[in-house]
Every structure is written in structure tokens, then in C-alpha cells.
Protein chains: 2
Amino acid sequence: MATLKDVAKKAGVSVATTSYVMNGSKLITEETKEKVLAAAKELGYRPNGNAKNLKKNKTHIIGFFLSGFTGPFFNELLEGIQVTVIKNGYEMVVCASDDKHRLLLEQYVDGAIILNYHIADELLDSLASEKFPLVVLDRDLENPHISQVLLPNKHGMKQVVDHLVEEGHQRIGFIAGSEESFDGESRLEGFKESLATRGLSFDKKDLLRADFTEISGLLCMKEYLDKEADYPTAFVSANDEMAMGAIKAVQQKGMKVPEDIAFTGFDDIDLSRYFHPSLSTVCVQKKQWGRIAAETLFHMLEKKHAVAEEEITIEFIPRESSLKGVMRD
Amino acid sequence: MATLKDVAKKAGVSVATTSYVMNGSKLITEETKEKVLAAAKELGYRPNGNAKNLKKNKTHIIGFFLSGFTGPFFNELLEGIQVTVIKNGYEMVVCASDDKHRLLLEQYVDGAIILNYHIADELLDSLASEKFPLVVLDRDLENPHISQVLLPNKHGMKQVVDHLVEEGHQRIGFIAGSEESFDGESRLEGFKESLATRGLSFDKKDLLRADFTEISGLLCMKEYLDKEADYPTAFVSANDEMAMGAIKAVQQKGMKVPEDIAFTGFDDIDLSRYFHPSLSTVCVQKKQWGRIAAETLFHMLEKKHAVAEEEITIEFIPRESSLKGVMRD
DNA sequence: AATTTTCATTGAAACGTTTCAATGAAATGT
DNA sequence: ACATTTCATTGAAACGTTTCAATGAAAATT
């Protein structure tokens, strides 16, 4: 691989000059510039980012660290971040990791956005600094160099519970995801709190545990229906997929949704609208989430343009799966 | 940020020793090792990946370069790549770019998988080398250091056309995506070729152009229905989303799918099964695609374990949208 | 006891850049 | 014609690692 030195030699100038040409310094003569560029082209010169970053102690890359790529969830979020990153003249790399987190540790990026429960709080705490700010999307952390941009899950749950109570439900079950998920758990908490506010009690035998997948929702609901004698008239799920699975389980038992048991989801994935019955759910603006996360990071990184306190938009969308009377949508 | 030098000083040993400790050399005494590790911990030492890569001329990172994150398409593909990458002791970064491709150019990665029509053939051609192999998923390129792992689109289209012809269709239209898409265009070609094989002709006024989104499919079909007097009895779409949009347009005109016009999609996204009518489509094993792409790259990178010639699995799935008689799923 | 071998440690060069400070030539001002 | 300023170019140090070759102490062999 040709280096600056090779280019310099070929062009008959110094390495310094070559570097200046590459970086568009205006001190350089048009003539030398052309010579150098020609030499670079001929040699197929490509800058070495590692050397550059090492010298400048700056990469102009930010990282987005997640736990995996599955789920219909990330695309919009990613898009929201990406747009903002480009707008700020940076690049983004997306990395999935479950144990080593090498890319996060070895100073490849100037800052990072985290949505990865595999990464311990303590690690993030020790990593974050003035020069290496972090934005977390999946935890609550007290650190001057870590900002959190969290979904208003409780707010969403309040809307869900309000809706179900207005529809006349008194005993409401909950389908939770894995306990590692911050959003999942805060949805559960929000649910319980909203119930309490409404003066309703929650029996913990009506709490089902699954893992956010459709199949896990189906299985745990099946088991529940077999085990219990009487059921809640409604179930709230921590996400859409599990709700769909659970609905199938109910239907397979010969019961009707929403007549026998009503259901609500969370996230509003594309499918929710098409599912049968269409799924009542909470629509989350993931693109906005991504945008705000990135803006927050750049604010910390560049200390300018104060970032507006903006809550991510969240809205309950009633559909067939929880509407007794009217059928709509 | 603490460096090796700082750690060395604190531990009272040389930089070289410190480096050896960090890399787990077995020559080092247990005693010095502990001293160094303690010092490193105390200073919060983090290795500098850029310096490391610069020295070793190797990153153990491969890149996956795509044009954007939208579409329900990438997750599985990414998952397939990621698993294989980890298995090989590497890391993956995912980058979206539309013009500069800095991360691809500046030697941040040891090799790359490309699915990004923004990147010119010529650039890839000039980039690829023994030390920097490439796998392309979206073009056909003749270069010893570039491998292509392509979907068997034509094969899939043959199955689609066979099916429709057996269902009695003689005049079949096509809904194409943007011309930049390699897969989109090769699906169109495959469609035309299969028609020809069957002895059927294709009138280019039955070729609609959209951009792979549902809304674009809806709009172009609407326009077509308004403009033309008589229609094909079936439409083949280059992907599922456009087919769904087009079906809606037909339904809005008061016609029935599949009775008046039958439709097929391509990809088998989750929604296809739930759509009304459920969508006949070609199921593509994207995870397998990703796995093979990564395996191919590592083969070039490490010159070992010959990679089996394996075609990506593709299978036509008939559903309601193209079945006149029976209704099935 | 003298020689060789093994072993832990180290100094220093190298990787490919950037950028400060220095150089000297040309242009400007007197 | 001389002093000054401006300008294009350059040498060299630095960024944080790795790793070769060298060092000298301890262990093993004679």
C-alpha cells in the first residue's frame, strides 16, 4: 500500500507538502498540488485512517453499540441516528457485541450510543469522560459524561391502562419480556403504577414472562391458559410480537379476541396494523429517538448548540384487539 | 488517556514489558504481570486501537457497507454475517454511506462486504487487493480479489412465472423497483427470460416503475389503472412491499385480488403472510446469504478452509394473492 | 568451576500521519 | 538598493503501539 512518503518521493516534494495537499491547505501552489495529486492517483494512494487518528487523537466516527440485529426494531432508530451523524460531518459504525466490546474500548470512536444490555453499567461509567461522551438508550446512569435518552414507557403504559379501564376491564394481566431489557421492565413498572393509580390491584400470577419473541408469547400464554381456571379480561404486552403470539394461543383455545380476552401491544411494528385482529398498541417514534440520541451526543462532543429538551413522541393507537364495541381502523 | 508508557512508568518496568503483559506473553513473570496489570487498572488504561492497527497493519475488523438502514430487509442478513464474523474471531462494523465512503477507503477494515449501489464498480475494482479482499452482494464484477455472492433471482422468477402460467395467466405485468438495484433488475430480467421460455410475450407498457416502497407501488398502479383500458390478469412485483401497495390500488378501484388481477411479491417479509389477501412470494434465506458472504470473505482473507459452492436457498410460496381456486396459507 | 542454555526484561526502531518551527525565495515597501 | 513582509516548502518530532535484537541474570550442563 502506497504511503504519503511514496507519493512525496514520486512527486519530488516533501512528505509535509504532500500531507498539506491531501488536506487542502491553501498555501500550496497549484503546480505542486497537481504534481502530488497525479502521483497519488498513479500510486493508488489511500490515506491510513489509523495513522491519522493516532496523530490527531480524533476519529470523527461515532459508534452505535447494540446487542444484536434481530427484531424489526432497529432500522428506523438507525436511520434517525445516521441522518444526524452525517449532518454533523461524522461517520457512524454500528457494532453488535456480547462480551469483549473491543470496538468500544479501543478508542476507535469519538463517542458512542449504547443500546446493549451486555455492557455493564460499571464499564460505561469508567469509560465515559470529557473526551469520550456516551449516550445510553437502555439504562439510567448518573454520570456527567453520560446522557440518557429514554423512551417515555410509563407515559405510554398510562395511556394503555386508561384505555383498558375505560373499556371496562378490572383484572388485567401482563406479558413481560426478559428482565434484562430496560424498556421491558420500565413498561412493566409503568403498568403497575398506572394500575395502582386507578385503584386496581395486580395479582402476580397474572404476570407472564416471555422473551419478546412471538413464539415465546404463544408458549407462555398457552401454559397460562392450561394452568389457570379463570383469566383476566385483558392482557397488556411489553411488545407487539409477544401480544401476537399470545393472541394466537387464545384463539387456538377457541376463545375470541377481544371478546373473551382483549390485548394490547407496544411499539407499533408494521405488522400490528395487518394482524388479525389488528393490534392496539403504542406507537413509538423510533426515528426521532435516534435523532435525539445523536444530537445529544454531538452536543456533548462539541459543546455547542444546546439540545432542546424533547420527549420522544408516543401515542396509543386503539385497534380491534382491545375494542369491544366498534370495529375500526 | 493513559498510555502504555504511563502504565510502564507506574509499574516500574519498560514499555516493552508492559506491551508483552497486555498481549499475554508467557515469558513474563507472574510478579511483573501483576504489577503491570494493577498499574493499568489503576490508571484506567485502554489500548489505542489505532496505534495497534498502524503497527500491526491489521485490524481484525471487517466492514459491511450498505446504502441505508431502511427496509425490513437487513436484519437477518446482518445477523448471518455477524455470527460468522464472531466465529472467526473478528469484529464487524456496519456503515451506511452515499458519497465519501471514508470508512471503506481509509484502511479501517481488513476486508469488506458491499451492498451499496452508491459505490462505483471502478472504486471497488481499484480498492480490492490480496490484502484487501471484497465480497459484493449487488453486482457482477470480474476481479481476482472480489467475490460475488448473489441471490438466485432468476431462479426464483422462473418459479413465479411457472406458477402463474399454470394458474392460466397469459398476459403478466411487472412492477419494477429503481434501476439502481442489482437484485431488482436481475429479477426483471429473470422474469422476461422466463416469459420468453414459456413462449409468452411481454408488452413494455405493462412494465411499471416504482422504488420498492409500498406507497410507490400503490401510486404507480393507480396511475396505470387510470391510463390503460385493459389489464394483465396478473402482476409480478420485484419485492413484497410494492406488491402490497399495488394490491391496495386495485382494491380501491373496486376490483378483486386475485380474481380480477393476481399478484406475486419477492422476499417473503413477515407481513406477506398476514397481508390481506396473503401474498404469494419468493422466500429468500437472508441469514444464509449473510453467512455465505462472510465465509467467502474469510476464505479470501485467510486462504484456508475452501468455501463450499452453495447457492442461497430460494423457494416460491403460493398464497391467496395468486391462487384462483383453493384458499390456503 | 567453567561453560552453555534458558529466561525475563529492555532499548529502540518502525508503522503513516500531522503540524510546528525553520528556511529561503520572491514580492513588497521604503 | 536595501529592509521587510509574504509565501511555499521542508525537516523533524510526535502520536501509542509492537517486536526485533540485545542484555544480563539465573539455571542447567559439562
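Letters A, B, ... are given to chains in the order of the sequence lines, protein chains preceding strands, and every chain is numbered from 1. Note that these values count all heavy atoms, side chains included, but never hydrogens, waters or copies made by symmetry.
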Study note, to complete from the structure: When A:Leu137, A:Leu141, A:Leu123, A:Leu104 are each screened for side chain to side chain contact (heavy atoms under 4.5 Å, CB included) with A:Ile114, the one that passes is A:Leu104
Give each protein N/O atom lying under 3.5 Å from an N/O atom of nucleotides 19-28 of chain D, with the pair distance.
from: D:dC20; atom 1: N4; to: B:Tyr20; atom 2: OH; distance (Å): 2.9

**Study point:** Protein-nucleotide distance (A:His60, atom NE2; C:dT18, atom C1'), rounded to Å
**Key:** 14 Å
Check your understanding: So what does B:Leu4 hit on the nucleic acid, given a heavy-atom distance under 4.0 Å: a base, only sugar-phosphate, or nothing?
Key -> base
Practice item. Using a heavy-atom cut-off of under 4.0 Å over every strand shown, decide if A:Leu54 touches base, sugar-phosphate, or nothing. Key: base
Practice item. For the pair A:Glu31 and A:Lys35, find out whether any cationic side-chain nitrogen is under 4.0 Å from an anionic carboxylate oxygen. Key: no
Review point. Has B:Thr29 got a side-chain N or O lying under 4.0 Å from the OP1 or OP2 atom of C:dT9?
Key: yes
Practice item. Starting from P on D:dG16, measure out to CD on A:Gln107 and report it in whole angstrom. Key: 8 Å
Practice item. Ignoring hydrogens and angles, tell me if any N or O in the side chain of A:Glu79 forms a donor-acceptor pair with the backbone of B:Phe69 under 3.5 Å. Key: yes
Practice item. Round to the nearest Å and state the distance from B:Asn50 atom CG to D:dA14 atom C1'. Key: 15 Å
Exercise for review: For A:Asn57, answer base if it contacts any base atom (sugar-phosphate contacts may also be present), sugar-phosphate if it contacts only those atoms, and nothing otherwise; contact means non-hydrogen atoms under 4.0 Å.
Suggested key: nothing
Review point. In whole angstroms, how far is the C1' atom of D:dT17 from the CG atom of B:Asn53?
Key: 10 Å
Check your understanding: How would you list, by chain and number, every residue that makes a side chain to side chain donor-acceptor pair (under 3.5 Å) with B:Asn153, sequence neighbours excluded?
Key -> B:Asp183, B:Ser186, B:Arg187
Review point. For B:Thr3 and D:dC15, is the shortest distance between a side-chain N/O and OP1 or OP2 below 4.0 Å?
Key: no
Point to revise | Interatomic distance, A:Lys5 NZ vs C:dC15 P [rounded to whole Å] | key: 6 Å
Check your understanding: Could you state the CE-C1' distance from A:Met1 to C:dG16, rounded to the nearest angstrom?
Key -> 12 Å
**Study point:** A:Lys58 backbone acceptor or donor facing A:Asp110 side chain under 3.5 Å
**Key:** no
Practice item. Give the rounded distance in Å between these two atoms: CD of A:Glu30 and C1' of D:dT9. Key: 16 Å
Practice item. Nearest-nucleotide wise, let me know which of A:Tyr45 and B:Thr18 is further upstream toward the 5' end of DNA chain C. Key: B:Thr18
Revision key, fill the gap. Residues B:Asp138 and B:Tyr117: closest non-hydrogen pair is OD2-N, 3.6 Å
Check your understanding: Do B:Val149 and B:Trp289 have side chains that get closer than 4.5 Å, going by heavy atoms?
Key -> yes
Exercise for review: Check the distance between C:dT6's P and B:Ile28's CD1 and give it to me in whole angstrom.
Suggested key: 19 Å
